[in-house]
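Working notes for the structure below.
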There are 2 protein chains.
Amino acid sequence: MKASEVRGHLDGLLLSVLESGPLHGYAVITAVQERSNGVLELRKGTIYPALNRLERLGLLDSTWESVGERRRRCYELTDAGRRSLDTERKVWREFTAAIGSVLEPAQPRTAT
Amino acid sequence: MKASEVRGHLDGLLLSVLESGPLHGYAVITAVQERSNGVLELRKGTIYPALNRLERLGLLDSTWESVGERRRRCYELTDAGRRSLDTERKVWREFTAAIGSVLEPAQPRTAT
DNA sequence: TCGGATAGGTTGCCTGACAACCTATTGCCA
DNA sequence: TGGCAATAGGTTGTCAGGCAACCTATCCGA
């Protein structure tokens with residue numbers, strides 16, 4: 001499953017995997033993939049712009065880290081990011097509850 | 001909440017409210033709204049093109065109904081539509097499970 | 001007779017995820 | 001030693017789809 005279906009909930013995913021500690025972009029991709037049991041395969045063209053956007057919004061902080069000659073950009077949750085993650089989780093619950101109640105209403109009887 | 005967040009799951013919603021019987025477009029809107037406890041407010045510009053698309057895909061059948069001089073277009077699930085609804089529900093469960101496991105991972109001591 | 005609710009649309013805009021592309025370093029294998 | 005894959009970070013253009021705005025028409029009550 002690609003993130004195409006994730007529209008609007010990507011930010012929550014990113015914030016969530018960063019909750020337990022800083023990660024660089026590439027690691028964010030694998031973290032999401034692992035935590036979803038391989039189901040969610042985010043693309044670079046998806047997460048890099050998203051991480052930048054989240055930083056601009058003040059939800060993430062990034063620092064360049066050097067491993068030898070190679071540079072990595074490490075992203076970390078800010079306090080605002082943590083609060084936002086909290087909100088994202090609430091929205092997610094409301095969202096699933098709403099769709100769920102339409103999609104799978106109280107035990108639909110097949111053939112009365 | 002608008003359907004903007006519903007991206008990719010709108011079809012399932014529409015098929016779902018039509019499962020218990022034919023409805024015309026306007027009634028679909030109110031049905032979705034009622035079944036989601038007023039949370040999901042679909043727009044005409046959202047559902048009419050969607051219903052047409054679903055008909056083109058063979059998932060719905062439409063018939064014009066006359067109430068006095070006024071014409072209504074009634075949509076009804078086809079067999080393919082029913083099968084598709086089944087698939088949509090499976091996808092929805094997988095989707096929520098995947099996002100959920102990233103967004104709210106292994107919550108220790110939570111009855112869920 | 002007029003306005004609002006009902007009913008069915010269409011058009012164009014905007015958002016956001018993605019594919020395709022680019023750069024550079026590191027490590028491994030031939 | 002040279003070349004290639006994996007790692008790492010990006011940008012650009014495209015495309016789908018939900019939405020606002022708009023249009024038409026009927027029906028009913030004030």
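- Within the 4.5 Å cutoff, the side chain of A/L60 has heavy atoms near those of the A/L15 side chain.
- The pair A/R89-A/E94 does not count as a salt bridge, with every side-chain nitrogen at least 4.0 angstrom from each carboxylate oxygen.
- Using a 4.5 Å cut-off on side-chain heavy atoms (C-beta onward), B/D61 and B/L77 make no contact.
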Heteroatom pairs (N/O) under 3.5 angstrom, protein to nucleotides 12-15 of chain C:
residue: C/dT15; atom: O2; partner: A/R7; partner atom: NH1; Å: 3.4

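- Looking at A/H9 and A/V6, their side chains come closer than 4.5 Å, going by heavy atoms from C-beta outward.
- D/dA20 atom C1' lies 15 Å from atom CG of B/L42, rounded to whole Å.
- The side-chain heavy atoms of A/E88 and A/D11, taken from C-beta on, include a pair separated by under 4.5 Å.
- In this structure, A/E41 places its CD atom 14 Å from C1' of C/dA17, rounding to the nearest Å.
- Annotation: of the two residues near DNA chain D, B/A50 and B/K44, the 5′-most nearest-nucleotide partner is B/A50.
- For the pair B/R53 CZ and D/dC19 P, the computed distance is 12 Å after rounding to whole Å.
- Annotation: proximity of residues 21-31 of chain B to DNA chain C (heavy atom, distance under 4.0 Å) is found for B/H24, B/G25, B/Y26, numbered in ascending order.
- Within the 4.5 Å cutoff, side-chain heavy atoms of A/R35 are placed close to those of A/V17.
- If you check the side chains of B/S62 and B/R73, you find a donor sitting under 3.5 Å from an acceptor.
- Distance A/Q33 CD to D/dT7 P: 12 Å, rounded to the nearest Å.
- For the side chain to side chain contact (heavy atoms under 4.5 Å, CB included) with A/Y75, the qualifying choice from A/N52, A/T63, A/L54 is A/N52, the only one to do so.
- Whole-Å rounding puts the A/R43 CZ to D/dC15 P distance at 18 Å.
- For the pair B/E41 and B/R43, the minimum side-chain heavy-atom distance is below 4.5 Å.
- Of all nucleotides listed (C/dG8, D/dT11, C/dA17), C/dG8 comes nearest to the side chain of B/Y48.
- The interatomic distance linking A/N52 (CG) with C/dA17 (P) rounds to 14 Å, in whole Å.
- Note: CG (A/L14) to C1' (C/dA17) measures 12 Å, nearest angstrom.
- DNA chain C is contacted by B/R70, B/R71, B/R72, B/R73, B/Y75 of residues 65-76 of chain B, taking any non-hydrogen atom closer than 4.0 Å.
- No side-chain donor-acceptor contact under 3.5 Å links A/S66 and A/R72.
- Side-chain atoms of B/C74 and B/H24, non-hydrogen and from C-beta on, do get closer than 4.5 Å to each other.
- The distance between atom CG of A/L54 and atom P of C/dA17, rounded to the nearest whole Å, is 10 Å.
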